[in-house]
A.B. asks: 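My structure is below; once you've seen it, I'll send some questions.
Note that ligands are numbered from 1 as they come in the structure, with each ligand's atoms numbered from 1 the same way.
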Amino acid sequence: MTSTPTAPAVRMPATHSSGCPFGPPPAYTEAAGTAPMTRADLPDGEPCWLATGYAEVRTVLSDRRFSADLRHPTFPMLVGGRRELITAAPPSFLRLDDPEHARQRRMVTGDFLVKRVASMRPDIQRIVDEALDRMTEGRTEADLVAEFALPVPSLVICLLLGVPYEDRDRFQGLSRTLLNRNSTMEEAKAASDAILAYLRDLAARKREQPEDDILSRLAVRDDLTPEDVASTGVLLLVAGHETTANMISLSTALLLEQPEQIARLADPAALPGAVEELLRLLTIVHTGVPRVALEDVELGGVTVKAGEGVIAMLSTANRDEEVFGGAGHRPTDELDLDRDARRHMAFGFGVHQCLGQPLARAELQIALETLFRRLPGLRLTVPESERQFRTDSFIYGMRSLPVTW
Ligand code: HEM
């Protein structure tokens, strides 16, 4: 075993200067082509490992010798100069290890169970239909991101959490700043403080006058501090709208490029599988998922030393030909809505696997099926080369998507 591989280190974050705009930056796929574990340099210059192979990513995300606790002194930072900010605020359970992670996650698990989400489908369908009614009323053109892809998941998570939708400009703007890799340390800190304060105030009001929503249920618990409630609220609010919004807009843009595949969405038996394939191919967490080794681990032909950072690249793992390829199917860097993509890791893997995945699946299935059913003539109003992708965020997506129908 060795910890000195021969491939040149990838400079993070890699960019999309070339290659398919729907796939991960080419530097990551090139690294994956050389070995399942390669070296990378983080934005602050620190070296780390890039786990690109399917088996290696699974191990990094499920083996307790890798920690998700970002207070660890050598936790790999995907943006430069943010360590000070990040270690000043209490992390949400996304960046804590068990048992604290499990304790906090358990408090909201029930709200996102498959059965619970199934009962929300009529509400989601109504939100989707109303968004389309507003978007199309008296018009034949719109920006699909601003009028459909973003409002739908924002309204759904607001309803669940008990956050007033009228406050959307505020929390959507703050989320963007937090998720933007180019925000300065001061901007990110101000956004983090403001969104935490917003949720702390809202939770304090809900503690006085509880309603039937997640924030009220958390706010009345005596075993949770106001900081715990606020950080869980921020995690759910941010993760609950930005991710699904970008999946809706990217999926729509990709399907408009390959209209012959759209018919699969109209088949109720094929729809869930089609959404899994879109999740697999688009894997919107392009930056990968960070962990730090707590002890020496031999993995993919190298030794990851205790204290070394590893970035688990979900996007390259999700293109593994051995797992997702196969006779009769297109190559794994192409969309094939008939592929069995169920083993994808777009939602991560292991104890931190996405809590909101049943909700995200329901939203994506309902939003995409309804969009293409109600607007069969949907098409872009700008050339494909002029579509605007969101390349500066932890979550890949689209800034705008001008369409007509
Ligand atoms: C298509 C949409 C989504 C994608 C691709 C996605 C992706 C992910 C990924 C990759 C992780 C794991 C991160 C890690 O291991 O460090 C994660 C965690 C998480 N996601 Fe999602 N997510 C989506 C939608 C949602 C929604 C709608 C919610 C709802 C509130 C949500 C809430 C969470 C939470 C709370 C965690 C932390 C889980 C834990 O640490 O135990 N996500 N998500």
A.B. asks: Where on I157 is there a heavy atom closer than 4.0 Å to ligand 1, on the side chain, on the backbone, on both, or on neither?
C.D. replies: side chain
A.B. asks: If only atom types and distance count, is the side chain of Q353 paired as donor or acceptor with the main-chain N or O of G350 below 3.5 Å?
C.D. replies: no
A.B. asks: Do T316 and R319 have side chains that get closer than 4.5 Å, going by heavy atoms?
C.D. replies: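 Not in contact.
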A.B. asks: Relative to ligand 1, is L314 under 4.0 angstrom through side chain, backbone, both or neither, heavy atoms considered?
C.D. replies: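 The answer is the side chain of L314.
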A.B. asks: Below 4.0 Å from any atom of ligand 1, is there a heavy atom belonging to A68?
C.D. replies: no
A.B. asks: Is it the case that R280 places NZ or CZ above or below the six-membered ring of F324, under 6.0 angstrom from the centre and within 45 degrees of the axis?
C.D. replies: yes
A.B. asks: Do R105 and F93 form a cation-pi contact, if we require the NZ or CZ to be under 6.0 Å from the six-membered ring centre and within 45 degrees of the ring's axis?
C.D. replies: no
A.B. asks: Check if I395 has a non-hydrogen atom at a distance under 4.0 Å from any atom of ligand 1.
C.D. replies: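 Contact check I395 vs ligand 1: negative.
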A.B. asks: For the atom pair CZ (R374) and OG1 (T136), what is the distance rounded to the nearest 0.5 Å?
C.D. replies: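 One gets 5.5 Å once the value is rounded to the nearest 0.5 Å.
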A.B. asks: Using distance alone, decide if ligand 1 has a nitrogen or oxygen within less than 3.5 Å of any nitrogen or oxygen in T243.
C.D. replies: no
A.B. asks: Given V289, L96, I284, identify the one with the heavy atom nearest to atom 14 (C) of ligand 1.
C.D. replies: V289
A.B. asks: I need the contact type for E242 against ligand 1. Using non-hydrogen atoms and a strict under-4.0 Å cut-off, is it side chain, backbone, both or neither?
C.D. replies: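 Neither; nothing of E242 gets under 4.0 Å from ligand 1.
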A.B. asks: Establish, from distance only, whether the side-chain atoms of S154 and Q172 form a donor-acceptor pair under 3.5 Å.
C.D. replies: yes
A.B. asks: Tell me which part of R95 gets within contact of ligand 1: side chain, backbone, both or neither, using heavy atoms under 4.0 Å.
C.D. replies: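 Answer for R95: side chain.
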A.B. asks: Determine, considering heavy atoms only, which of Y396, F349, F347, F93 sits nearest to atom 9 (C) of ligand 1.
C.D. replies: F347
A.B. asks: Between S251 (side chain) and L278 (backbone), is there a donor-acceptor pair under 3.5 Å?
C.D. replies: no
A.B. asks: Using modelled atom types and a 3.5 Å cut-off, is there a donor and acceptor pairing between side-chain atoms of E56 and backbone atoms of P36?
C.D. replies: no
A.B. asks: When you measure from atom 5 (C) of ligand 1 to every protein heavy atom, which one gives the shortest distance, and what is it?
C.D. replies: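 I find the closest protein heavy atom is A346 O, 3.6 Å.
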A.B. asks: Between ligand 1 and R105, is the shortest N or O to N or O distance under 3.5 Å?
C.D. replies: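 There is such a contact, yes.
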A.B. asks: So do the side chains of E308 and C48 get within less than 4.5 Å of each other, counting heavy atoms only?
C.D. replies: no
A.B. asks: Nearest protein heavy-atom contact for atom 35 (C) of ligand 1: which residue, which atom, what distance?
C.D. replies: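 Minimum-distance protein heavy atom for atom 35 (C) of ligand 1 reads L235 CD2, 3.6 Å.
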A.B. asks: Counting only heavy atoms, which portion of A239 has something under 4.0 Å from ligand 1: side chain, backbone, both, or neither?
C.D. replies: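 The part of A239 near ligand 1 is both the backbone and the side chain.
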A.B. asks: Do any N/O atoms on H101 end up under 3.5 angstrom from N/O atoms on ligand 1?
C.D. replies: yes
A.B. asks: Indicate yes or no for a side-chain donor-acceptor contact from T381 to the backbone of P402 under 3.5 Å, with no hydrogens or angles considered.
C.D. replies: yes
A.B. asks: Looking only at heavy atoms, is any part of V351 under 4.0 Å from ligand 1, and if so is it the side chain, the backbone, or both, or is it neither?
C.D. replies: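 It is the backbone that touches ligand 1; the side chain stays farther off.
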A.B. asks: As an exercise, identify every atom of ligand 1 less than 4.0 angstrom from a heavy atom of L279.
C.D. replies: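 With L279 as reference, the close atoms of ligand 1 come out as 1 (C).
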A.B. asks: Which protein heavy atom lies closest to atom 28 (C) of ligand 1, and at what distance to 0.1 Å?
C.D. replies: G356 CA, 3.5 Å
A.B. asks: Would you indicate which of C354, P153, A362 comes nearest to atom 21 (Fe) of ligand 1 when only heavy atoms are counted?
C.D. replies: C354
A.B. asks: Should the proximity of M247 to ligand 1, defined as any heavy atom under 4.0 Å, be assigned to the side chain, the backbone, both, or neither?
C.D. replies: side chain
A.B. asks: In terms of relative ring orientation, are Y396 and F389 parallel, tilted or perpendicular, with 30° and 60° separating the classes?
C.D. replies: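 Geometry flag for F389 against Y396: parallel rings.
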A.B. asks: Quick one: is the NZ or CZ of R39 closer than 6.0 Å to the six-membered ring centre of W49, and within 45° of its axis?
C.D. replies: yes
A.B. asks: Would you say R291 contacts ligand 1, with heavy atoms under 4.0 Å as the rule?
C.D. replies: yes
A.B. asks: Checking the N or O distance criterion of under 3.5 Å, is ligand 1 in contact with T244?
C.D. replies: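 No, no N or O pair falls under 3.5 Å.
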